[in-house]
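Take a look at the structure set out below.
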Amino acid sequence: MAYEHLIDLNDLSVSKWNEIISLALKIKKNESVYSEACKNKILATLFYEPSTRTQMSFQTAMLRLGGQIIGFDNPQNSSVSKGENLTDTIRIVSGYADILAMRHPLEGAAKAAALYAECPVINAGDGGHLHPTQTLTDLVTLQSEKGSLSGLTVGLCGDLKYGRTVHSLIKALSMYPDNRFILISTKELSIPQYIKDWMNSHNCPYRECYSLAEAIPELDVLYMTRIQKERFASEEEYRQQKNVYILDMQKLFSAKQDLCILHPLPRVDEIDLNVDKDPRAMYFKQAVNGVYARMALIITLLNAREQTSLLSHHNPAVCCSNPKCITNHETYLEKSYKENGDLLVCEYCDERQLL
Ligand code: CP
């Protein structure tokens with residue numbers, strides 16, 4: 001049986017996103033109406049990587065909907081530590097639960113899980129690839145705080161290379177009219193080519209820039225991100241990048257009065273603690289909105305009739321060139337690529353290689 005999953009937000013239509021966003025805002029206004037919406041349903045949270053917000057907000061969402069939760073937050077406490085592969089774990093747990101949210105360090109792991117699951121799968125972050133429920137959270141927050149998801153100048157600052165929240169948000173906001181992006185990063189952590197191609201093909205203007213101070217006066221939204229130590233090959237590479245961007249009150253002096261400052265969190269030191277008191281700081285509200293976004297998503301997927309299409313173009317002879325792709329670790333997985341001009345695009349992790 002096939003289910004509707006959430007692997008990449010762009011697998012769903014924009015009208016479906018809008019339905020989920022408005023349901024999240026309805027739940028936020030009158031939560032008690034939904035207190036039994038998932039009675040007798042079980043959510044499994046399988047977190048192969050650490051998390052505070054995503055895991056606990058999923059669990060909170062299901063509990064507030066009257067459902068129950070199972071799962072692990074450390075795979076070493078599960079049979080993964082005995083060598084159980086990803087898809088056997090998924091087959092087993094999806095037989096116990098009605099819906100499953102998984103975070104995994106490898107890119108494309110959520111797609112692999114969905115192929116074997118007997119229930120809907122939600123991607124709660126797959127390596128440096130995508131984080132669609134963070135994006136839903138961001139969209140709910142922007143709709144609530146800016147009143148619109150269109151006509152915004154959005155600055156994204158910090159780790160634009162490995163930042164899965166950044167990739168997912170750009171892909172989402174470029175589907176709404178008249179948005180433009182200012183991509184603020186060092187050369188080493190600049191946005192991947194496939195996201196640039198995405199913006200170009202969706203006629204979404206963008207500019208790359210090094211200086212946060214230079215960009216800030218133009219912005220309606222500033223999306224700060226952490227330099228993710230865990231994504232670097234060496235400590236030395238991380239040390240060269242950390243502390244390049246710090247948002248403080250001095251920089252905010254030249255910002256618009258209605259700037260909306262977002263951050264997926266956790267923060268290390270890229271936002272000075274004094275900024276928390278500024279009414280433009282929305283990142284704690286954003287984390288609360290994550291519960292409503294996930295409540296709306298769980299209700300939507302448990303009631304879905306449509307199915308997510310997963311793999312379309314099998315090609316067992318080719319290996320994905322991304323060493324962090326799930327297919328290079330769980331090597332029994334069926335390899336599958338879409339053709340895009342003279343490129344092959346891995347259907348798990350979106351890595352591109354020449355035909
Ligand atoms: N925003 C986010 O994904 O936070 P966690 O890593 O704490 O889940």
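Values reported hereafter were calculated over all heavy atoms of this structure, with side chains retained and with hydrogens, waters and symmetry mates removed. Just so you know, ligand 1 is whichever comes first in the structure, and atom 1 is the first atom listed for that ligand.
In terms of the side chain to side chain contact (heavy atoms under 4.5 Å, CB included) criterion, residue partners of S321 (sequence neighbours excluded) are, by chain and number, E351, Q353. Legend: residues meeting salt bridge (charged side-chain N to carboxylate O under 4.0 Å, His left out) with R239, ordered by chain and number and at least two apart, are E235, E236. Listed by chain and number, the residues in a salt bridge (charged side-chain N to carboxylate O under 4.0 Å, His left out) with D269 amount to none (sequence neighbours excluded).
Side-chain contact annotation: Y283 with D276, donor-acceptor N/O pair under 3.5 Å present. Using modelled atom types and a 3.5 Å distance limit, the side chains of R64 and S35 yield no donor-acceptor pair.
If you look at ligand 1, the protein residues with a non-hydrogen atom under 4.0 Å away are S51, T52, R53, T54, R103, H131, Q134, P264, L265.
When each of L297, I298, I299, N303 is checked for a side chain to side chain contact (heavy atoms under 4.5 Å, CB included) with L301, only L297 meets the rule.
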